[in-house]
Amino acid sequence: MLPMNRSTWSGWLRPSGGAGLLVMSLVVGAGAGAGAAILIYAIDLVRRLTVRVADVPGLGGWWMFITIPIGMFLAWALTARFAPEVAGHGVPQIIAALTVRGGLIRARVPILKTIATALTIGSGGSAGREGSIAQIGAGLGSMVGRASRVPEPQMRALVAAGAGAGIAATFNAPIAGMFFAMEVILRDLSIRYLYAVVAASVAGAVVSHTLIGDELTFQVSPYKVDDPWQLLLYAVLGLVAVGLALLFIEGLDAGTVGLSRLAPWTRPILFGLAIAAIGFWFPEVLGTSQGFINDVLRSDIGKAWWFFGLLAVAKLVATSLTLGGRGAGGIFMPSLFIGATAGAAFAELTTHVWQRSDIQIGAFALVGMAAVFAGVARAPLTSILIVFEVTGDYGLVMPLMIAVAISVVIADRLHPLSAYTSPLVRMGIHNPRMHHVDLLDTVLVRDLGLKAPVTVPPEMTLGEIRGILHRERLNGVPVVEDGRLLGLVTETDILRAGGPSDQVTARDAMTRDPVTVTGAFPVSETLERMAALGVGRLPVVAEDDPERLVAMFRREDAINAYHLALGSSARQERLPERAKAGRTDSTGFFDCEIGENSPAAGRTVREVPWPEGCLVVSIHRGNDLLVASGDQELLPGDALTVFGDETAHRRLRHRLRGHA
């Protein structure tokens with residue numbers, strides 16, 4: 001074991017060090033486990049009040065036409081007034097916070113999510129509690145990280161750890177919770193902060209199991225495949241799961257954006273009445289439906305195949321209406337319900353035509369459960385591991401892997417957006433992806449020496465601001481008062497306010513609380529954040545004061561950053577081994593040189609037939625860095641910096657050597 005001096009120990013024990021992060025992760029995980037218990041008690045409290053309404057003489061099954069619209073309306077009123085991000089199923093909001101706000105989640109979110117979810121599910125709305133618990137855990141992680149003033153990478157780890165702990169607490173499945181955090185929330189399976197997610201997931205599962213017991217888990221007997229030919233049936237079930245997963249994703253989208261002309265307050269009431277109509281005929285779909293799933297997995301429900309099929313469709317529609325009506329709850333358990341009933345329907349139908357061996361309805365329900373969730377969330381590892389941890393048995397490992405693989409591959413080909421990423425696109429967050437190392441990871445925003453930005457006061461009129469934008473050749477300027485950043489005014493904001501006017505001020509038209517970065521941000525992450533938001537600039541604020549503006553980072557600063565990275569002698573020390581080996585992931589920057597006999601020599605950038613997918617960023621000529629404009633002539637010895645994928649890279653090198 002290597003000796004550790006005092007400075008090493010202090011670095012390990014400080015909040016942003018290894019031990020400090022581990023302790024905070026345990027605290028977050030325990031908090032998520034306790035939050036899961038509190039949410040379950042809160043749902044049970046609202047459900048008891050609902051039962052009292054149902055027991056009123058003469059109401060019969062009509063009670064749900066009263067309780068569900070009221071519960072939906074109260075949940076909507078709460079979230080619309082205090083925290084709109086609390087509505088919905090929670091996971092997209094977590095990813096959005098990680099993508100554009102560095103993991104910052106408002107402190108009010110956990111408590112409001114608990115209340116809104118209890119009102120939604122306890123009154124009879126169709127949703128799961130898993131997404132809500134994940135958002136509660138993520139909110140706790142953000143609170144702990146903010147209180148400890150940890151850097152953004154550790155903040156992201158704590159938020160993901162809290163979300164994973166929430167899933168682990170829900171199912172008493174710490175391994176599945178860990179993979180959910182890495183596979184869905186972070187979309188990154190690297191091990192940099194794996195220990196934080198593991199610690200939180202274990203703590204969450206232990207605390208929730210201590211407080212709640214086995215109520216959180218499914219009670220399933222072990223199953224196994226006695227006939228290898230049944231694997232063909234499980235493969236067909238995977239195809240069925242694809243169709244249901246895509247229908248569920250489309251249903252969730254339609255429920256969220258459909259009937260947009262309705263007055264906001266009428267939406268939860270009308271959608272609540274529609275849910276009640278479905279529940280009147282199929283009461284199994286109301287609430288979380290966990291008890292019914294348990295019965296299906298144990299093969300205790302003796303129903304015809306068409307009844308199970310109708311239940312799957314009814315749950316799909318009811319959940320889409322619940323979330324579309326601005327209720328709060330998750331889609332994890334509804335996905336499992338749809339998969340379990342679809343698997344049971346498939347098994348019941350197959351029993352009449354399959355004579356080779358006995359069909360175990362519970363086994364097909366279990367595999368269908370994992371396959372549908374895998375198609376909905378594009379999380380194959382989480383889907384498989386949850387089944388393993390729930391059953392404690394590996395007898396269905398082959399059917400699970402086959403059905404899940406088919407579901408994920410085909411669903412991703414037919415509909416690239418999952419149920420968790422589709423809402424992000426509606427938020428204006430495009431193509432969130434796993435973090436990949438590139439050259440710009442080695443340059444921090446502070447390294448660029450950005451100048452003090454042009455700013456405007458909040459009282460300046462839009463007419464005056466338009467003049468400044470044209471004079472300075474800018475598309476947007478920050479609004480600052482007493483050195484504090486208030487917002488941004490862009491050309492789009494001016495047009496939205498009715499055009500340049502001497503009556504409208506910057507305070508009236510500006511975009512408030514803009515997403516910011518600090519000088520400690522790598523340029524690569526800053527560009528990713530800009531791309532996710534679809535903007536061309538981000539304010540740079542002081543690291544110790546997030547309201548004090550120090551600079552503006554714009555797209556053109558990326559070229560200077562790349563030039564700085566190429567000339568930095570420290571580059572090799574700061575790049576991970578993967579970058580040193582010259583490997584690339586998906587798209588990235590690469591260099592090409594114009595040779596003496598290259599067909600590009602002596603031609604302008606515009607005249608060169610560049611391969612599709614190539615973007616020439618800059619031209620290195622001696623000690624000069626040139627902008628790759630269309631009229632810029634290329635000379636032998638020029639080094640081009642090009643952005644593109646590996647295929648474009650190969651084609652460009654081939655073409656520059658004189659091949660067609």
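Excluded from the calculations below are hydrogen atoms, water molecules and symmetry mates; all remaining heavy atoms, backbone and side chain alike, are included. In what follows, residues are counted from 1 in the order of the sequence shown.
- Once rounded to the nearest 0.5 Å, the distance linking CG of L311 with CD1 of I338 reads 11.0 Å.
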Would you give me the side-chain donor-acceptor pairs under 3.5 Å for residues 246-255, sequence neighbours excluded?
residue: E250; atom: OE2; partner: H415; partner atom: NE2; Å: 3.0
residue: D253; atom: OD1; partner: S422; partner atom: OG; Å: 3.1
residue: D253; atom: OD1; partner: R426; partner atom: NH1; Å: 2.7
residue: D253; atom: OD2; partner: S422; partner atom: OG; Å: 3.0

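- Put simply, CD1 on I402 and CG on L396 are 11.0 Å apart, with the number rounded to the nearest 0.5 Å.
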Would V387 and S383 satisfy side-chain contact (heavy atoms from CB on, under 4.5 Å), going step by step from the backbone distance to the final call? CA-CA 7 Å; V387 173; S383 304; over 6 Å; no
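- Rounding to the nearest 0.5 Å gives a distance of 10.5 Å between CD1 of I384 and CZ of F179.
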Working note: Q135 + Q93, criterion side-chain contact (heavy atoms from CB on, under 4.5 Å); need CA distance, chi angles, decisive distance, verdict. CA-CA 8 Å; Q135 192 173 9; Q93 288 76 12; 3.7 Å; yes
Apply side-chain contact (heavy atoms from CB on, under 4.5 Å) to L158 and S25, showing your working. CA-CA 6 Å; L158 287 173; S25 300; 3.8 Å; yes
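- A donor-acceptor pair under 3.5 Å links the side-chain atoms of K113 to the main chain of V86, judged by distance alone.
- In this structure the side chain of F388 reaches within 4.5 angstrom of the side chain of V397, judged on heavy atoms.
- For R651, the CZ atom is loosely surrounded, since the number of other residues' heavy atoms within 6.0 Å does not exceed 12.
- When atom types are taken as modelled, the side chain of R356 and the backbone of W354 share no donor-acceptor pair closer than 3.5 angstrom.
- Proximity of a side-chain donor or acceptor of R101 to a complementary backbone N or O of L98 within less than 3.5 Å is not detected.
- In this structure, the side chains of L21 and Y195 come closer than 4.5 Å at one or more pairs of heavy atoms.
- The minimum heavy-atom distance between I359 and A347, with the atom names listed, is CG2-CB, 3.7 Å.
- Within the 4.5 Å cutoff, the side chain of M182 has heavy atoms near those of the L194 side chain.
- F307 has its side chain within reach of F282: a pair of non-hydrogen atoms, C-beta onward, lies under 4.5 Å apart.
- Looking at heavy atoms from C-beta onward, M369 lies out of side-chain contact with S335 at the 4.5 angstrom threshold.
- The CD1 atom of I293 sits 7.0 Å away from atom CG of L297, with the distance rounded to the nearest 0.5 Å.
- Put simply, the residue from F373, Y420, F337 that forms a ring-ring contact (aromatic ring centres under 6.0 Å, His included) with F332 is F373.
- Side chain of T319 to backbone of L316: no donor-acceptor contact under 3.5 angstrom is found.
- With hydrogens and angles left out, the side-chain atoms of T421 and S418 include a donor and acceptor closer than 3.5 Å.
- A donor-acceptor contact shorter than 3.5 Å links the side chain of S289 to the backbone of E284.
- Residues I40 and D44 have side chains not in contact (no heavy-atom distance under 4.5 Å, counting atoms from C-beta outward).
- Nearest heavy-atom pair, V367 versus A403, reported as atom, atom and distance to 0.1 Å: CG1-CB, 3.5 Å.
- T322 places a side-chain N or O within donor-acceptor distance of the main-chain N or O of A318, the cut-off being under 3.5 Å.
- For the residue pair E183 and T382, a side-chain donor N or O sits within less than 3.5 Å of a side-chain acceptor on the partner.
- To the nearest 0.5 Å, atom CD1 of residue I301 and atom CD of residue E348 are 11.0 Å apart.
- Using modelled atom types and a 3.5 Å distance limit, the side chains of T341 and K315 yield no donor-acceptor pair.
- The nearest pair of heavy atoms linking A312 to A342 is CB-N, 4.4 Å.
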For a side-chain contact (heavy atoms from CB on, under 4.5 Å) check, start with the C-alpha distance between Y41 and I212, then their side-chain angles and the critical distance, and finish with the verdict. CA-CA 9 Å; Y41 290 137; I212 303 298; 3.8 Å; yes
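- Taken to the nearest 0.5 Å, the CD1 atom of I275 stands 6.0 Å off from the CD1 atom of I68.
- Nearest heavy atom pair, residue V207 against residue A34, reads CG1-N, 3.6 Å.
- In terms of modelled atom types and a separation under 3.5 Å, the side chain of S407 and the main chain of A374 share no donor-acceptor contact.
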Distance-only criterion, 3.5 Å: show the donor-acceptor pairs between side-chain atoms of residues 230-243 and protein atoms not counting sequence neighbours.
residue: Q230; atom: NE2; partner: S357; partner atom: OG; Å: 2.8
residue: Q230; atom: NE2; partner: D358; partner atom: O; Å: 2.8

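- Remark: side-chain polar atoms of S208 are paired, donor with acceptor, to backbone N or O of A169 under 3.5 angstrom.
- Using a distance-only test at 3.5 Å, with no hydrogens or angles considered, a donor-acceptor pair links the side chain of S126 to the main chain of V285.
- Of all heavy-atom pairs between L186 and A160, the closest is CG-CB, 3.5 Å.
- The heavy-atom pair separating V372 from G339 by the smallest distance is CG2-CA, 3.4 Å.
- Under a 3.5 Å cut-off, the side chain of E130 and the backbone N or O of M333 do form a donor-acceptor pair.
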